[in-house]
Amino acid sequence: MKGDSFPQPLDRVAIAAMVVLSVITIVLLVGGDKSIPRVRGFSWQETTISSVDRAFTLRFNRPMNRETVESNLQIDPPLPGKISWAGERMAYTLLYPAPYGMNYTLNLSGARDRFADSDDTEHHIDPFEASFETRDRVMLYLGSEDGERGRLVLYNFSQDQKTILTPSDLSVLSFEMYPDGDRILFSALDRKADRRGLTDSQIYTVTTGLDFTSKDPDAPGRVQRILDNEIYQNLQFALAPDGTTIVVQRARRDRPGSDFGLWVIRDGDDPERFPTEPGGEFVIAPNSKELAIAQGQGVALLSIEPGREGDEPLQFFPQYGRVMGFTQDGRAAVMVKFNTDYTRSMVVVPNLGEPQEILRTSGSILDAEFDPSGRYIYALVTELLEADEYIEQPYLLALDLETQESQELIRFEGSSPDLSMSLAPDGQAILFDRLSVVPPNERPDAPLTSSGGVIEASELWILFPLVNSQGELTRPQPEQLPLDGFNPRWLP
């Protein structure tokens with residue numbers, strides 16, 4: 001058209017677009033085919049996982065043919081699990097926690113994207129390989145040998161290494177572990193002090209030399225005092241599962257009957273009184289925000305969150321005398337009920353639903369723990385053999401909440417009921433001790449049980465493995481460990 005010039009603005013835009021597309025095409029041809037599917041991220045790559053890590057994710061760069069991914073995914077050693085999808089992200093949830101002390105390799109090859117033909121091998125996924133590991137299998141116990149008597153000892157099964165953590169002038173009574181495995185909270189008596197009764201303990205922390213979340217842990221054996229006993233006696237304590245809160249039952253020395261109750265220590269701050277009625281045994285729930293304590297004619301569930309102290313109980317469970325433990329997700333607790341016929345019942349109390357009695361015994365219920373899946377409860381109980389002299393025989397059993405069946409694991413012939421057990425965080429093993437106890441005046445220098453008996457001799461034993469790779473119960477034989485001590489506990 002007369003007066004028009006070429007090119008027009010619209011033509012210039014079109015030409016520029018064509019040039020850009022040509023450049024992009026050349027870059028793609030030179031740089032190779034970028035449409036090959038790839039793994040963009042693996043959530044456990046080069047990490048150390050624990051029993052609370054139950055699922056990993058794989059992220060892809062494009063929509064995948066899900067069947068080819070699922071059929072070609074390999075984990076060595078195998079970890080059975082369930083797969084779910086959300087767009088380009090795949091989640092793999094373990095049926096049972098990964099066993100501790102292991103190295104794992106994940107491989108994926110041969111998978112294709114959603115749009116590739118089945119015979120198009122040139123567009124299979126770029127082969128992917130990654131590794132991860134589980135925490136070392138580590139136990140702690142109180143020593144009974146010369147040079148270790150009453151001291152806190154760490155033994156690393158994965159490295160076959162023993163470390164004495166506490167000094168010889170402290171006699172440890174009880175202890176709990178911080179979640180990262182870096183520290184232990186413990187109560188102990190000062191062997192050099194004038195007062196050395198069970199109510200004269202002080203509370204400390206000590207470093208383990210391990211930290212599964214850090215490559216530069218503190219050296220082992222560094223002790224720090226948390227609470228002294230000058231004005232108040234420290235009677236019992238509990239550490240929150242997240243390691244941020246300590247609850248201590250204390251009584252004033254000069255008037256214990258009128259000044260007795262709970263104190264709370266948060267994140268290393270000074271202890272504060274917890275305004276609630278006095279009570280008995282207590283345990284902190286898995287969410288680290290609630291405290292279950294025996295009060296009155298039942299068990300009260302109290303909030304320990306800052307600003308909510310002194311509120312009315314969140315829940316009250318009448319007729320129960322003790323809380324033994326919780327499932328890992330906090331959805332159920334196992335409690336002890338004292339019956340009018342002088343028997344004791346073990347009851348599973350869920351957040352929702354009706355309580356379920358799973359065991360009744362004429363003896364005592366010493367300990368009970370849920371396994372990580374929440375399906376099994378391992379319990380240390382006694383059977384009353386002689387009512388007149390009250391002679392009890394301890395035994396250890398596994399209770400299957402799914403099938404309602406029980407399996408006796410070991411019976412302790414002629415053993416003292418002063419026993420303890422500990423279930424491994426991966427649910428694979430149980431530690432227990434076997435003790436010979438004598439009256440206190442016969443061995444004044446020997447370590448004490450929680451009931452005040454003197455330990456003359458002690459052995460450490462293990463049951464392993466408790467379950468197979470599918471999480472089904474096995475029948476392991478007890479094996480004595482080449483270590484002498486008592487009150488064994490697994491590190492988280």
Side-chain angles (χ1 to χ4, degrees), residues 42-54 56 97-104 130-143 147-148 150-170 172-188 202-227 237-246 265-269 284 286 288 328 372 422-426 428-429 431 460 481 483 485 487-492:
F42 170 47
S43 59
W44 284 358
Q45 187 161 5
E46 302 297 331
T47 61
T48 301
I49 66 170
S50 71
S51 63
V52 300
D53 299 305
R54 297 293 294 275
F56 65 76
Y100 276 27
M102 302 287 288
N103 295 301
Y104 294 89
S131 62
F132 61 96
E133 63 183 9
T134 48
R135 292 183 175 184
D136 287 352
R137 197 177 290 277
V138 180
M139 66 175 285
L140 294 117
Y141 64 95
L142 300 181
E148 300 178 2
R151 301 171 71 179
L152 189 59
V153 183
L154 179 148
Y155 181 72
N156 189 322
F157 284 89
S158 301
Q159 301 178 15
D160 190 20
Q161 183 177 13
K162 183 170 75 169
T163 306
I164 300 175
L165 298 179
T166 54
S168 59
D169 59 349
L170 293 180
V172 179
L173 299 177
S174 60
F175 59 94
E176 293 195 23
M177 286 75 74
Y178 281 82
D180 293 336
D182 59 331
R183 290 175 296 159
I184 309 298
L185 181 71
F186 68 96
S187 63
Q202 301 181 71
I203 296 180
Y204 307 82
T205 62
V206 63
T207 54
T208 63
L210 302 171
D211 189 343
F212 300 111
T213 64
S214 171
K215 295 182 179 180
D216 187 25
D218 291 331
R222 294 182 178 176
V223 176
Q224 178 181 356
R225 186 167 63 186
I226 303 297
L227 275 180
F237 66 91
L239 176 65
D242 66 2
T244 62
T245 305
I246 304 170
I265 306 171
R266 294 188 178 90
D267 291 323
D269 294 337
I284 300 177
S288 299
Q328 198 173 72
S422 177
L423 177 64
D426 61 3
Q428 290 287 330
L431 292 168
L460 296 176
L481 298 174
L483 304 164
N487 195 16
R489 290 287 182 269
W490 290 106
L491 202 67

| request: Start with the C-alpha distance between Gln224 and Arg183, add both sets of side-chain angles, then the distance that settles side chain to side chain contact (heavy atoms under 4.5 Å, CB included), and finish with yes or no. | output: CA-CA 10 Å; Gln224 178 181 356; Arg183 290 175 296 159; over 6 Å; no
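- For Thr134 (side chain) and Ala98 (main-chain N/O), no donor-acceptor pair under 3.5 Å exists by modelled atom type.
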* **Worked check of side chain to side chain contact (heavy atoms under 4.5 Å, CB included) between Leu140 and Leu165** => CA-CA 10 Å; Leu140 294 117; Leu165 298 179; 3.7 Å; yes
Exercise for review: Apply side chain to side chain contact (heavy atoms under 4.5 Å, CB included) to the pair Thr163 and Asn156, showing each step before the final yes or no.
Suggested key: CA-CA 8 Å; Thr163 306; Asn156 189 322; over 6 Å; no
* To do: Determine, stepwise, if the pair Leu185 / Ile246 fulfils side chain to side chain contact (heavy atoms under 4.5 Å, CB included).
  => CA-CA 9 Å; Leu185 181 71; Ile246 304 170; 3.8 Å; yes
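- The nearest pair of heavy atoms linking Pro425 to Ser51 is O-CB, 3.0 Å.
- When only modelled atom types and interatomic distance are considered, Thr207 and Asp218 share no side-chain donor-acceptor pair under 3.5 Å.
- There is no side-chain donor-acceptor pair under 3.5 Å between Ser214 and Asp216.
- With hydrogens and angles disregarded, a donor-acceptor distance shorter than 3.5 Å links the side chain of Ser422 to the backbone of Trp490.
- Looking at Lys162 and Leu483, their side chains come closer than 4.5 Å, going by heavy atoms from C-beta outward.
- Side-chain contact between Thr205 and Ile226: present, with at least one pair of heavy atoms (C-beta onward) separated by less than 4.5 Å.
- Judged by a 6.0 Å distance limit and a 45° cone about the ring axis, Arg137 is not positioned over the six-membered ring of Phe157.
- A side-chain contact (heavy atoms from CB on, under 4.5 Å) with Ile49 is found for one member of Phe132, Tyr100, Phe212 and no other, namely Phe132.
- The closest side-chain donor-acceptor pair between Ser187 and Gln202, if any, does not fall under 3.5 angstrom.
- Among Ile184, Val138, Ile164, the one residue that satisfies the side-chain contact (heavy atoms from CB on, under 4.5 Å) test with Leu154 is Val138.
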